[in-house]
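For reference, the structure discussed in these notes is given below.
Numbered from 1 within each chain, the chains take letters A, B, ... in sequence-line order. Basis for what follows: all heavy atoms, side chains included, without hydrogens, waters or symmetry-related copies.
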Number of protein chains: 2
Amino acid sequence: MSDVAAVEQANARFYQAFETLDLTRMEAVWSHGEHVKCVHPGWPLLVGWEAVRSSWATIFENTAEMRFTLSDVRASASDDLAWVTCTENILSEVQGRLSVTSILATNLFERTADGWRLVHHHASHVFSAAPQSESTNN
Amino acid sequence: MSDVAAVEQANARFYQAFETLDLTRMEAVWSHGEHVKCVHPGWPLLVGWEAVRSSWATIFENTAEMRFTLSDVRASASDDLAWVTCTENILSEVQGRLSVTSILATNLFERTADGWRLVHHHASHVFSAAPQSESTNN
């Protein structure tokens, strides 16, 4: 399997863990160390595995259902670090309310003896349509 | 100079280019290729150098002044890819309105013959205070 395919597979595992709301599966997707970071949409930066793990525990406890359709998945891999951008099209039910929303995510993976592990997840809402930028001469 | 110090320097150059609103300086900070990507706060993902360059041209044309104070700059470098997270504390004047805002950024750099060059910038607003996540047992 190519590195890019392996990274795409690790990325898919991350979203499968998110959908199952199973903290043990989420723990298996991430590296565990002080270098690990995470930005949930609108949240401040979380630094270190304990803070990141706690955030997933909180999210899972407060989420009844979570379904993703991923689009625009683009992966690049170097020797020991890889990055993925994708759009998370989310159908979720939080405290009885159903919602669909699109989130942009940047996911970084590091190569470990056990395969690619997530070291950083940065997710944010898209608020605007693509800006018109014809006037690129200056 | 260590790799991390060189990456921090490349990151600082990116924000200096942003402050000067000089497209030539911004061009020098980035790699130029189809693999280059950028997420401005609230914008959709831009893919490829031409789209990214156009976005900076548009932003620079519509911005009278831009001043950053960076905080929480954390850099990690692997052999050929490096990543930085930081908070952009921005003082800006857009169409006569002065504003101060905090943005979270993830910046990815690739090692080139000419040093570290930006390949991805993901910036997003922070909307909420840190969530309380005491209840991490499940």
Residue from B:T87, B:D72, B:V119 scoring the most non-hydrogen pairs under 4.5 Å with chain A is B:V119
Exactly one of B:V39, B:L45, B:V47 clears side chain to side chain contact (heavy atoms under 4.5 Å, CB included) with A:T85, and that residue is B:L45
Okay, B:L104 and chain A: the region with an atom under 4.5 Å from a heavy atom over there is both
Okay, B:H122 and chain A: the region with an atom under 4.5 Å from a heavy atom over there is both
Okay, A:A105 and chain B: the region with an atom under 4.5 Å from a heavy atom over there is backbone
Exercise. Would you please classify the geometry between the A:H120 ring and the B:W83 ring as parallel, tilted or perpendicular, with 30° and 60° separating the classes?
Key: parallel
Ranking A:D79, A:D80, A:I59 by heavy-atom pairs under 4.5 Å to chain B gives rank one to A:D80
Pair count under 4.5 Å, heavy atoms only, with chain B: among A:A123, A:S78, A:S76, highest is A:S78
Rounded to the nearest 0.5 Å, the OG atom of B:S124 sits from the CH2 atom of A:W43 at a distance of 13.5 Å
Quiz item: Under 4.5 Å between any side-chain heavy atoms of A:K37 and B:T106, yes or no?
Solution: no
